[in-house]
S.K.: 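Below is the structure I would like to discuss, written out as structure tokens.
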Amino acid sequence: MATTSAFKWPWQYDFPPFFTIQKSLSTKDKQLEAWARLVIDYAQHNKIYSLDIAEATTSELFNNQKLNRRLSTDGVNTVLQYLEQKKLIEFTDNGRTRFHIFWRRPDVWASMIYQWAVENAFLNTPLTLYEITHGDDTTNESFHNLEREILMKALACLEEQRRAQLMNIGGDNEGVKFL
């Protein structure tokens with residue numbers, strides 16, 4: 001989880017009780033909302049699309065070294081349950097050890113990708129998935145380097161809307177044609 005520019009931590013991150021899940025329901029709700037915002041903002045800032053729970057638990061996200069405070073494993077699980085209820089994360093395995101973080105929902109990525117395809121005259125032109133997420137034409141797009149699984153969810157949204165057709169271009173080259 002390398003940071004390209006300094007992430008601006010919210011004020012709560014320097015407030016020691018933030019790292020202990022509160023018992024009062026109204027306080028806990030506000031705390032979980034603050035944690036949710038922090039996780040989403042942190043993931044977006046660092047372009048993190050998925051995380052392993054063990055990795056997340058030991059990362060700076062849940063550990064404030066300056067305060068020598070960390071959110072417990074139970075606390076991290078509580079935050080993740082909250083994020084899952086809000087449909088901001090989705091577990092990717094049966095063991096619930098890895099999850100996607102949706103700082104943009106797949107349907108939002110789909111709209112952005114389709115708009116790019118239209119603006120660049122890529123309708124009815126087969127493109128590889130690599131060209132969409134790693135090509136020279138997308139270096140300035142927010143979906144450049146988008147994780148494959150999230151790209152596939154976005155393209156599935158476009159397929160449902162009949163705005164794209166997934167295709168096998170040959171060998172391992174999967175692609176899409178925007179309609």
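Hydrogens, waters and symmetry mates play no part in the numbers below; they use all other heavy atoms, side chains included. Because the structure is a prediction, the values reported are computed rather than measured.
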S.K.: Would you say the side chain of I21 lies within less than 4.5 Å of the side chain of L71, judging by non-hydrogen atoms?
M.R.: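 They are in side-chain contact.
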S.K.: Within the structure provided, determine whether L32 and V79 are in side-chain contact (heavy-atom separation under 4.5 Å).
M.R.: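 Of all side-chain heavy-atom pairs linking V79 with L32, at least one is under 4.5 Å.
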S.K.: Could you tell me whether a side-chain N or O of W35 sits under 3.5 Å from a main-chain N or O of F62, the two making a donor and an acceptor?
M.R.: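 No.
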S.K.: Quick one, W9 and E60 - any side-chain contact, counting heavy atoms below 4.5 Å?
M.R.: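 When only atoms from C-beta onward are counted, E60 and W9 do touch, with a gap below 4.5 Å.
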S.K.: Do side-chain atoms of T58 reach the backbone of A54 as a donor and acceptor pair under 3.5 angstrom?
M.R.: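 Looks like yes, one N/O pair under 3.5 Å.
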S.K.: Would you check if F122 and D137 make a side-chain contact, meaning some heavy-atom pair closer than 4.5 Å?
M.R.: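 Yes, close enough: below the 4.5 Å cut-off.
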S.K.: Could you state whether L179 and L129 fall into the same hydrophobic cluster, counting links through intermediate Ile, Leu, Val, Met, Phe, Trp or Tyr residues with side-chain heavy atoms under 4.5 angstrom apart?
M.R.: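 The answer is no; the residues belong to distinct hydrophobic clusters.
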S.K.: Has R105 got more than 12 heavy atoms of other residues, nucleotides or ligands less than 6.0 Å from its CZ?
M.R.: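 No, CZ of R105 has 12 or fewer neighbouring heavy atoms, counting only those of other groups under 6.0 Å.
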S.K.: Rounded to the nearest 0.5 Å, what's the gap from CH2 on W103 to CD1 on I48? Could you check?
M.R.: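 Atom-to-atom, W103:CH2 and I48:CD1 are 10.0 Å apart.
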S.K.: Would E149 and S50 satisfy side-chain hydrogen bond (donor to acceptor under 3.5 Å, both in side chains), going step by step from the backbone distance to the final call?
M.R.: CA-CA 10 Å; E149 291 84 9; S50 60; 5.9 Å; no
S.K.: Roughly how far apart are R69 CZ and D14 CG, rounded to 0.5 Å?
M.R.: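 Nearest 0.5 Å value for the CZ-CG distance: 12.5 Å.
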S.K.: What is the distance from atom OH of Y13 to atom CG of L61, rounded to the nearest 0.5 Å?
M.R.: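 So the gap between those two atoms works out to 7.0 Å.
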S.K.: Quick one: pull up CD in E84 and CZ in R96 and give me the separation to the nearest 0.5 Å.
M.R.: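 Result: 4.0 Å between the selected atoms.
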S.K.: Which one of W109, Y49, W116 satisfies the ring-ring contact (aromatic ring centres under 6.0 Å, His included) criterion with F143?
M.R.: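 Among the candidates, only W116 passes.
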S.K.: Side chains of I53 and F99: does their closest heavy-atom pair fall under 4.5 Å?
M.R.: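 When only atoms from C-beta onward are counted, F99 and I53 do touch, with a gap below 4.5 Å.
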S.K.: Do the side chains of Y130 and L166 join up, straight or via other hydrophobic residues, at under 4.5 Å, putting them in one cluster?
M.R.: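 Each belongs to a different hydrophobic cluster.
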S.K.: Which heavy-atom pair separates A110 from C157 by the least distance, and what is that distance?
M.R.: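 Taking A110 first and C157 second, the nearest heavy atoms are CB-CB, 3.9 Å.
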S.K.: Does one side chain, of R70 or T57, offer a donor that lies under 3.5 Å from an acceptor on the other?
M.R.: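 Note: R70 and T57 side chains miss the donor-acceptor criterion.
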S.K.: Should the heavy atoms of other residues, nucleotides or ligands under 6.0 Å from CG of N124 be counted, would the total exceed 12?
M.R.: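 Enclosed.
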S.K.: For the residue pair E141 and K47, what are the closest heavy atoms and their distance?
M.R.: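 Smallest interatomic distance, heavy atoms only, reads O-NZ, 4.5 Å.
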S.K.: Counting heavy atoms not belonging to D93, are there more than 12 under 6.0 Å from its CG?
M.R.: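 Atom CG in D93 is crowded, with more than 12 foreign heavy atoms closer than 6.0 Å.
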S.K.: Quick check: do I89 and L51 have side-chain heavy atoms less than 4.5 Å from each other?
M.R.: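 No, their side chains stay 4.5 Å or more apart.
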S.K.: Does R163 make a cation-pi contact with Y114 (under 6.0 Å, within 45 degrees of the axis)?
M.R.: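 R163 over Y114 ring: yes.
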